[in-house]
Amino acid sequence: SSAGAVQSMFAVFAFDDSKFPSGDEVRYGRVPYSQNSPMPIRVFQDAGNTRTNGNVEGIKDSDTTGQLPGVTTRRDSHGVAVNPNDKFIYMGDRIANVMEVFNVNNYERSTFDLVSLSGQDGRTGAAGDCFTRSVLDDAMLPLNDPAPDLMEITPDGKYIMIALRGPAPVSVAHSSQGSCPGVGIVEVLDCGKTGRLVGVLRATNHVPDTVTIDGTTFPGGVPYSGKERSDVHGVFVIPKYS
């Protein structure tokens with residue numbers, strides 16, 4: 001579907017859960033439930049957000065820059081993880097290929113990318129592992145395009161495991177086309193404030209299908225003509241106890 005292909009959205013809101021009435025209080029009418037109570041706290045809102053999905057404060061009605069790395073200006077927040085130290089929250093961006101990190105105490109934001117070796121150099125520095133793990137059977141497909149999706153952090157808080165989408169995504173095709181399908185391994189640095197992609201566990205699926213791919217299949221992306229159908233959408237970390 002092309003729904004959302006010209007939308008851009010990355011916003012984070014916080015709620016004081018101590019101010020929510022209990023379910024029984026609302027259910028039995030002891031406390032009236034009212035809209036926007038408690039009021040959300042706007043932690044972050046990207047300046048380029050479009051006026052879509054109920055957002056009335058966007059600066060424009062649409063963003064037609066697609067989803068190709070180096071071209072697009074769109075944002076697509078998706079996936080969240082909480083550090084076990086209860087100090088930081090991580091949110092991925094499927095289009096911008098970055099992780100936004102928020103301090104839960106003061107809402108300070110920091111950013112690291114998933115394309116460079118350092119996590120700080122973007123596409124101007126040495127490339128990270130997604131580049132070497134990228135699909136190569138279609139010259140039109142941009143390399144080093146992780147397209148991070150759902151994620152989970154390890155119990156010790158040292159790594160974030162992230163599902164990385166593939167070149168023929170089966171859902172949200174307007175914002176999830178990626179080049180290195182598999183599981184991304186992010187090393188958490190600076191006590192949780194930042195990180196870097198240190199590895200990609202590549203997944204492969206060459207099972208034939210009958211999907212017809214053309215210029216409209218992946219809006220804003222490329223009409224991928226290769227054979228890779230792997231499209232990892234979720235990841236779970238299973239603790240190992242001795």
Practice task
Just jot down the side chain to side chain contact (heavy atoms under 4.5 Å, CB included) partners of M91, sequence neighbours excluded, or say none.
Solution key: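 Listed in chain order: F10, V12, S77, V80, I89, F102.
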
Determine the minimum heavy-atom distance between [X] and [Y], stating which atoms define it.
{"X": "I153", "Y": "P84", "result": "CD1-CD, 3.8 Å"}
{"X": "F15", "Y": "F20", "result": "CB-CE1, 3.9 Å"}
{"X": "M161", "Y": "V235", "result": "O-CG1, 3.2 Å"}
{"X": "A11", "Y": "N49", "result": "CB-ND2, 4.3 Å"}
{"X": "G178", "Y": "A147", "result": "CA-CB, 3.8 Å"}
{"X": "D209", "Y": "R229", "result": "OD2-NE, 2.5 Å"}

May I ask you to decide if [Y]'s main-chain N or O and [X]'s side chain share a donor-acceptor pair within less than 3.5 Å?
{"X": "D145", "Y": "S179", "result": "no"}
{"X": "Y90", "Y": "G79", "result": "no"}
{"X": "R74", "Y": "G66", "result": "yes"}
{"X": "R196", "Y": "E187", "result": "no"}
{"X": "T50", "Y": "S8", "result": "yes"}
{"X": "S62", "Y": "V6", "result": "no"}
{"X": "R165", "Y": "S171", "result": "yes"}
{"X": "D93", "Y": "E100", "result": "no"}
{"X": "T72", "Y": "L68", "result": "no"}
{"X": "E108", "Y": "N103", "result": "no"}

Exercise for the section: May I have the step-by-step check of side-chain contact (heavy atoms from CB on, under 4.5 Å) for M99 and I160, ending in yes or no? Expected result: CA-CA 11 Å; M99 293 278 280; I160 303 173; 3.9 Å; yes

Hey, could you give me the [atom1]/[atom2] distance between [X] and [Y], rounded to the nearest 0.5 Å?
{"X": "Q7", "Y": "R75", "atom1": "CD", "atom2": "CZ", "value": "15.5 Å"}
{"X": "L141", "Y": "Y224", "atom1": "CG", "atom2": "OH", "value": "7.0 Å"}
{"X": "H174", "Y": "Q67", "atom1": "NE2", "atom2": "CD", "value": "8.0 Å"}
{"X": "E152", "Y": "I162", "atom1": "CD", "atom2": "CD1", "value": "12.0 Å"}
{"X": "D190", "Y": "F88", "atom1": "CG", "atom2": "CZ", "value": "7.0 Å"}
{"X": "L150", "Y": "L164", "atom1": "CG", "atom2": "CG", "value": "11.0 Å"}

Problem - C180/E228 under side-chain contact (heavy atoms from CB on, under 4.5 Å): CA gap, chis, key distance, verdict - result: CA-CA 10 Å; C180 54; E228 185 60 77; over 6 Å; no

Side-chain heavy atoms nearer than 4.5 Å, only ILVMFWY residues, links allowed to pass through others: does that put [X] and [Y] together?
{"X": "V237", "Y": "V183", "result": "yes"}
{"X": "F112", "Y": "V82", "result": "no"}
{"X": "V232", "Y": "V170", "result": "no"}
{"X": "V135", "Y": "L201", "result": "no"}
{"X": "L197", "Y": "L189", "result": "no"}

For residues 113-129, dump all side-chain donor-acceptor pairs below 3.5 Å to protein atoms at least two apart in sequence or in another chain.
residue	atom	partner	partner atom	Å
D113	OD1	V115	N	3.0
D113	OD1	S116	N	2.7
D113	OD1	S116	OG	2.8
D113	OD2	S116	OG	3.1
D113	OD2	Q120	N	3.3
D113	OD2	D121	N	3.3
D113	OD2	G122	N	2.9
S116	OG	G119	N	2.9
S116	OG	Q120	N	3.3
S116	OG	D121	N	3.2
S118	OG	Q120	N	3.1
S118	OG	D121	N	3.4
S118	OG	D121	OD2	2.9
Q120	NE2	T194	OG1	3.1
R123	NH1	N144	O	3.2
R123	NH2	N144	O	2.7
T124	OG1	D121	O	2.7
D129	OD1	T132	OG1	2.9
D129	OD2	R133	NE	3.3
D129	OD2	V200	N	2.8

Exercise for the section: Decide side chain to side chain donor-acceptor pair (under 3.5 Å) for D76 and S175; before the verdict, give the C-alpha distance in whole Å, the side-chain angles of both, and the deciding distance to 0.1 Å. Expected result: CA-CA 7 Å; D76 181 48; S175 64; 3.2 Å; yes

Practice task
Would you sort out whether V222 and Q177 count as a side-chain contact (heavy atoms from CB on, under 4.5 Å), showing the intermediate values?
Solution key: CA-CA 8 Å; V222 301; Q177 189 174 50; 3.7 Å; yes

Problem - Steps toward side-chain contact (heavy atoms from CB on, under 4.5 Å) verdict (V104, D86) - result: CA-CA 8 Å; V104 301; D86 291 330; 5.7 Å; no

Exercise for the section: Check the side chains of D149 and S176 for a donor-acceptor pair under 3.5 angstrom, ignoring hydrogens and angles. Expected result: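 Per modelled atom types, S176 and D149 side chains form no pair under 3.5 Å.
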
Problem - Neighbour count above 12 (heavy atom, 6.0 Å) for K60 NZ - result: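 Count over threshold, so yes.
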
